[in-house]
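Both backbone and side-chain heavy atoms feed into the values below; hydrogens, waters and symmetry mates do not. Along the sequence shown, residues are numbered consecutively beginning with 1.
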Amino acid sequence: MAVYCNSAPFSCKAWRNRDPTPLSALLPTRLFSLLQPPFSFHPDRLKLSTCRWDKVASAVVSEESAVGSSSSGTDVFNLTYLEGNSWLWDISGVRVLVDPILVGNLDFGIPWLYDAAKKFLKNFELTDLPQVDCLLITQSLDDHCHLKTLKPLSEMSPNLRVIATPNAKPLLDPLFRNVTYLEPGQESEVEAANGSKVRIQATAGPVLGPPWQRPENGYLVISPQGQLTLYYEPHCVYNKDFLEKEHADIVITPVIKQLLPNFTLVSGQEDAVQLAKLLHAKFIVPMKNGDLDSKGFLASIVQGEGTIESFKELLSKELPDAKTLEPTPGEPLQIPSP
């Protein structure tokens with residue numbers, strides 16, 4: 001049964017336009033209209049297109065390692081980037097799958113407009129995942145709520161715990177039985193088989209449509225013993241008033257802007273620096289969600305702005321003690337508590 005959480009309205013920051021032209025005028029309407037216990041996969045079959053299998057198997061898939069980290073009294077985040085907007089997080093034994101695209105390409109149902117494939121994890125499949133405790137969905141469009149992945153995933157485990165933006169309700173309700181929809185400011189708890197628990201709090205993300213529409217979600221993820229907090233929002237769009245009372249040791253964000261003519265699709269650079277500063281971040285994990293093998297008309301007109309190096313230079317001036325940790329697709333990036 002789906003759980004729908006309501007909250008009092010609050011002021012939300014709309015997605016940044018650099019001129020009055022709405023995105024709906026630039027892209028087809030289709031882009032806006034798409035939009036038993038935890039299941040057990042096969043941890044011994046994590047097939048990557050690189051030779052890094054031994055590292056991934058030992059650091060990401062090992063249940064014994066995750067339990068050991070939790071029982072030792074030190075919280076640990078293991079963050080494995082699966083390219084695009086997709087992640088697998090192991091938080092002291094609690095495994096969270098984020099915005100997965102693991103079946104087919106990303107094409108929003110209109111491949112002539114945009115069709116993208118991963119560059120590195122070409123052979124990564126659903127059945128290659130370890131046991132997962134929660135599916136986390138940030139937005140309702142196909143690059144986050146990917147139906148070609150979620151339909152077979154739901155067939156494998158219709159009772160999988162799901163936490164998502166309410167905007168994805170029409171897409172997720174027909175697929176999963178255990179969905180919690182969080183409005184910004186609301187939170188929910190996820191428990192793993194080893195007894196570890198994490199808290200997940202929704203924050204306000206971008207508004208994908210008219211300004212009166214509900215925003216999509218970012219999330220604050222608090223480790224079992226409260227020693228570490230992670231913030232994630234895949235467009236670097238955030239409500240400053242909402243976040244200024246929060247903190248996050250780890251911030252995962254894009255730092256390279258993705259621009260359409262007269263419109264910012266994904267922010268980064270100085271906005272990512274201000275986000276890290278706002279949350280008093282100690283570690284920034286830059287994601288390259290535009291770094292895909294893409295084709296189609298939309299791919300031909302999207303331009304990138306900035307680099308990870310230029311972001312580091314900006315960050316050093318505003319937050320000199322913060323560290324930038326670049327993830328390698330398929331390899332877990334471990335961040336322990338101090």
Engineer: Roughly how far apart are L243 CG and L220 CG, rounded to 0.5 Å?
Structural biologist: 6.5 Å

Engineer: In Å and rounded to the nearest 0.5 Å, what is the CG to CD distance from D90 to Q334?
Structural biologist: 9.5 Å

Engineer: Quick one: does any side-chain atom of S86 pair with a main-chain N or O of I101 as donor and acceptor, under 3.5 Å?
Structural biologist: yes

Engineer: How far apart are the C-alpha atoms of E216 and S140, what are their side-chain angles, what is the distance that settles it, and do they pass the side chain to side chain donor-acceptor pair (under 3.5 Å) test?
Structural biologist: CA-CA 7 Å; E216 305 290 340; S140 56; 3.0 Å; yes

Engineer: Can you find a pair of side-chain heavy atoms, one from L228 and one from L230, that are under 4.5 Å apart?
Structural biologist: no

Engineer: Determine whether I284 and L275 make a side-chain contact, defined as any pair of heavy atoms from C-beta on separated by less than 4.5 Å.
Structural biologist: no

Engineer: With rounding to the nearest 0.5 Å, note down the distance linking CZ in R177 to CG in N159.
Structural biologist: 5.0 Å

Engineer: Given side chains that start at C-beta, do those of Q139 and N167 come closer than 4.5 Å, heavy atoms only?
Structural biologist: no

Engineer: Less than 4.5 Å apart, side chain to side chain, heavy atoms only: is that true for L160 and L97?
Structural biologist: no

Engineer: So, K317 side chain and E313 main chain: donor-acceptor pair closer than 3.5 Å or not?
Structural biologist: no

Engineer: With sequence neighbours excluded, what pairs up with P210 under the side chain to side chain contact (heavy atoms under 4.5 Å, CB included) test?
Structural biologist: W212, Q213

Engineer: Is it the case that K240 places NZ or CZ above or below the six-membered ring of Y238, under 6.0 angstrom from the centre and within 45 degrees of the axis?
Structural biologist: no

Engineer: Flag yes if Y219 and V285 sit in one hydrophobic cluster, no otherwise; membership is Ile, Leu, Val, Met, Phe, Trp, Tyr, and two members link when side-chain heavy atoms are under 4.5 Å apart.
Structural biologist: yes

Engineer: Hey, does S223 have a side-chain heavy atom less than 4.5 Å from the side chain of V76?
Structural biologist: no

Engineer: Which pair of non-hydrogen atoms, one from D143 and one from H235, has the smallest distance, and what is that distance?
Structural biologist: OD2-NE2, 4.3 Å

Engineer: Could you please spell out the steps behind the side chain to side chain contact (heavy atoms under 4.5 Å, CB included) verdict for L102 and L129?
Structural biologist: CA-CA 10 Å; L102 298 174; L129 287 169; 3.7 Å; yes

Engineer: Could you tell me whether the side chain of E187 reaches within less than 4.5 Å of the side chain of I163, counting heavy atoms only?
Structural biologist: no

Engineer: I'd like to know if the side chain of N105 and the backbone of D115 have a donor-acceptor N/O pair within less than 3.5 Å.
Structural biologist: no

Engineer: Contact between I137 and D99 at the side-chain level, heavy atoms closer than 4.5 Å - yes or no?
Structural biologist: yes

Engineer: Would you kindly confirm whether I256 and L292 end up in one hydrophobic cluster when ILVMFWY residues are joined by side chain heavy atoms under 4.5 Å apart?
Structural biologist: no

Engineer: Ring-plane angle category for Y232 and W89, please: parallel below 30°, perpendicular beyond 60°, tilted otherwise.
Structural biologist: perpendicular

Engineer: Specify the closest pair of heavy atoms between L182 and P166, including all atoms of both residues, with the distance to one decimal.
Structural biologist: O-CD, 3.3 Å

Engineer: Decide salt bridge (charged side-chain N to carboxylate O under 4.0 Å, His left out) for E191 and R161; before the verdict, give the C-alpha distance in whole Å, the side-chain angles of both, and the deciding distance to 0.1 Å.
Structural biologist: CA-CA 10 Å; E191 183 174 3; R161 179 71 191 282; over 6 Å; no

Engineer: Could I get the full list of ring-ring contact (aromatic ring centres under 6.0 Å, His included) partners for Y81, not counting sequence neighbours?
Structural biologist: W87

Engineer: Is there side-chain contact between I200 and S188, with heavy atoms separated by less than 4.5 Å?
Structural biologist: no

Engineer: Judged by atom type as modelled, is there a donor-acceptor pair below 3.5 Å linking the side chain of S196 to the main-chain atoms of G93?
Structural biologist: no

Engineer: Mind checking whether V266 and L314 sit in one hydrophobic cluster, side chains of I, L, V, M, F, W, Y counted as touching below 4.5 Å?
Structural biologist: no

Engineer: Hydrophobic cluster membership, with links at side-chain heavy-atom distances under 4.5 Å among I/L/V/M/F/W/Y: are L135 and L147 in one?
Structural biologist: yes

Engineer: Sub-3.5 Å donor-acceptor pair from the side chain of K119 to the main-chain atoms of D291, do we have one?
Structural biologist: no

Engineer: Please assess V302 against L260 for the test side chain to side chain contact (heavy atoms under 4.5 Å, CB included), listing each intermediate value before the final yes or no.
Structural biologist: CA-CA 5 Å; V302 174; L260 281 173; 3.8 Å; yes

Engineer: Please assess D249 against Q227 for the test side chain to side chain donor-acceptor pair (under 3.5 Å), listing each intermediate value before the final yes or no.
Structural biologist: CA-CA 9 Å; D249 306 281; Q227 296 172 347; over 6 Å; no

Engineer: When rounded to the nearest 0.5 angstrom, what is the spacing between CZ in F311 and OG1 in T253?
Structural biologist: 7.5 Å

Engineer: Please, which pairs that meet ring pair (Phe, Tyr, Trp, His ring centres under 6.0 Å) have at least one residue in residues 318-338, sequence neighbours excluded?
Structural biologist: none

Engineer: Any link between F283 and I308 through a network of hydrophobic side chains (Ile, Leu, Val, Met, Phe, Trp, Tyr) touching at under 4.5 Å?
Structural biologist: no

Engineer: Are any side-chain N or O atoms of E318 and backbone N or O atoms of K277, one a donor and one an acceptor, separated by less than 3.5 Å?
Structural biologist: no

Engineer: Ignoring hydrogens and angles, tell me if any N or O in the side chain of Q269 forms a donor-acceptor pair with the backbone of V255 under 3.5 Å.
Structural biologist: yes

Engineer: Is a side-chain donor or acceptor of E189 paired with a backbone partner of K197 at a separation under 3.5 angstrom?
Structural biologist: no

Engineer: Near K312 NZ, under 6.0 Å, is it more than 12 heavy atoms from other residues, nucleotides or ligands?
Structural biologist: yes

Engineer: Find the distance between CG (L106) and CG (D293) and round it off to the nearest 0.5 Å.
Structural biologist: 12.5 Å

Engineer: Answer yes or no: does atom NZ of K295 have more than 12 heavy-atom neighbours from other residues, nucleotides or ligands under 6.0 Å?
Structural biologist: no

Engineer: What's the shortest heavy-atom distance between D142 and G109, and which atoms?
Structural biologist: OD2-N, 4.4 Å

Engineer: Does T74 use its side chain to pair, donor to acceptor, with the backbone of S337 at less than 3.5 Å?
Structural biologist: no

Engineer: Using modelled atom types only, decide if a donor and an acceptor are shared between the side chain of T307 and the backbone of S310 within a distance under 3.5 Å.
Structural biologist: yes

Engineer: To the closest 0.5 Å, what do you measure between CD (Q201) and CG (N217)?
Structural biologist: 10.5 Å

